[in-house]
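Below: one structure, written as structure tokens.
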Amino acid sequence: MPTQDNAQKPTPTGGRILALDVGSRRIGVAVSDALGITAQGLQTIQRRNKRADLAQLEQLVREYAIAEIVVGYPLRMSGSTGVQSEKMEVFAAELGKRFEIPIHLWDERLTSAEANRLLRETEMSIKRRAEVVDRMAAVLILQNFLENRASGRRSC
């Protein structure tokens, strides 16, 4: 079962942490450094079907020796759950079964808006921003998770 508040616990095996910003068409992906201090964006996954999506994630889990996964949890501004957050609970549970590592749901409210704001401040074209916004959102989710873990605070 995915957890919603385990950021304060250290990575069990000292491995990296993978963060996912899951949408209906793309999955933004970020990975921590080996020490769990910084987040780096990886290539965005274009979704095809569950089997293909999980196969791509499995490749990343192996390649980066992932010890934990953080899934963006789309809560409403009020903090309540909705249809999208319920979908992420199911997705996170599937990841937990497949990879048998800790899966965390992490409050992602305003992450995409923040990613868009940061990207608008660059000289990047609108088309290019659309290509990288999911990756940037995953980086922000992971960086927030790592910072909260380091300070002992909790989310969700």
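What you are looking at is a predicted structure, and each value in this text was computed from that prediction instead of being measured.
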Heavy-atom check, side chain of [X] versus side chain of [Y], under 4.5 Å:
| X | Y | value |
| --- | --- | --- |
| D134 | V22 | no |
| L75 | T81 | yes |
| Q84 | E108 | no |

Looking only at non-hydrogen atoms, find the nearest pair between [X] and [Y] and report the distance.
| X | Y | answer |
| --- | --- | --- |
| S32 | R16 | O-NH1, 3.1 Å |
| L146 | A39 | CD1-N, 4.2 Å |
| A19 | A138 | CB-O, 3.7 Å |
| S85 | P74 | CB-O, 3.5 Å |
| A52 | N49 | N-OD1, 2.8 Å |
| F91 | V71 | CD2-CG1, 4.5 Å |

Donor-acceptor contact present, side-chain [X] to main-chain [Y], <3.5 Å:
| X | Y | value |
| --- | --- | --- |
| Q143 | I37 | yes |
| S80 | R76 | no |
| N144 | L140 | no |

With sequence neighbours excluded, what pairs up with [X] under the salt bridge (Lys or Arg N to Asp or Glu O under 4.0 Å) test?
| X | answer |
| --- | --- |
| R51 | none |
| R98 | E58 |
| K97 | none |
| R47 | D53 |

Can you measure from [atom1] ([X]) to [atom2] ([Y]) and round to the nearest 0.5 angstrom?
| X | Y | atom1 | atom2 | answer |
| --- | --- | --- | --- | --- |
| W106 | L142 | CH2 | CG | 10.5 Å |
| R26 | D21 | CZ | CG | 9.5 Å |
| R62 | F99 | CZ | CZ | 8.5 Å |
| R135 | Q40 | CZ | CD | 9.5 Å |
| I101 | I17 | CD1 | CD1 | 10.0 Å |
| H104 | L95 | NE2 | CG | 12.0 Å |

Quiz item: Run the side chain to side chain contact (heavy atoms under 4.5 Å, CB included) check on I69 and V61 step by step: do they pass?
Solution: CA-CA 9 Å; I69 299 176; V61 166; 4.2 Å; yes
Quiz prompt | With sequence neighbours excluded, residues passing side chain to side chain contact (heavy atoms under 4.5 Å, CB included) with S24 | solution =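 Here no residue qualifies.
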Quiz prompt | All side chain to side chain contact (heavy atoms under 4.5 Å, CB included) counterparts of V29, not counting sequence neighbours | solution =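 Once residues adjacent in sequence are excluded, the partners of V29 under the side chain to side chain contact (heavy atoms under 4.5 Å, CB included) criterion are L18, L20, I27, L42, I45, L60.
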Quiz item: Should V139 and V132 be counted in the same cluster of Ile, Leu, Val, Met, Phe, Trp and Tyr side chains packed under 4.5 Å apart?
Solution: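 Result: no, two separate clusters.
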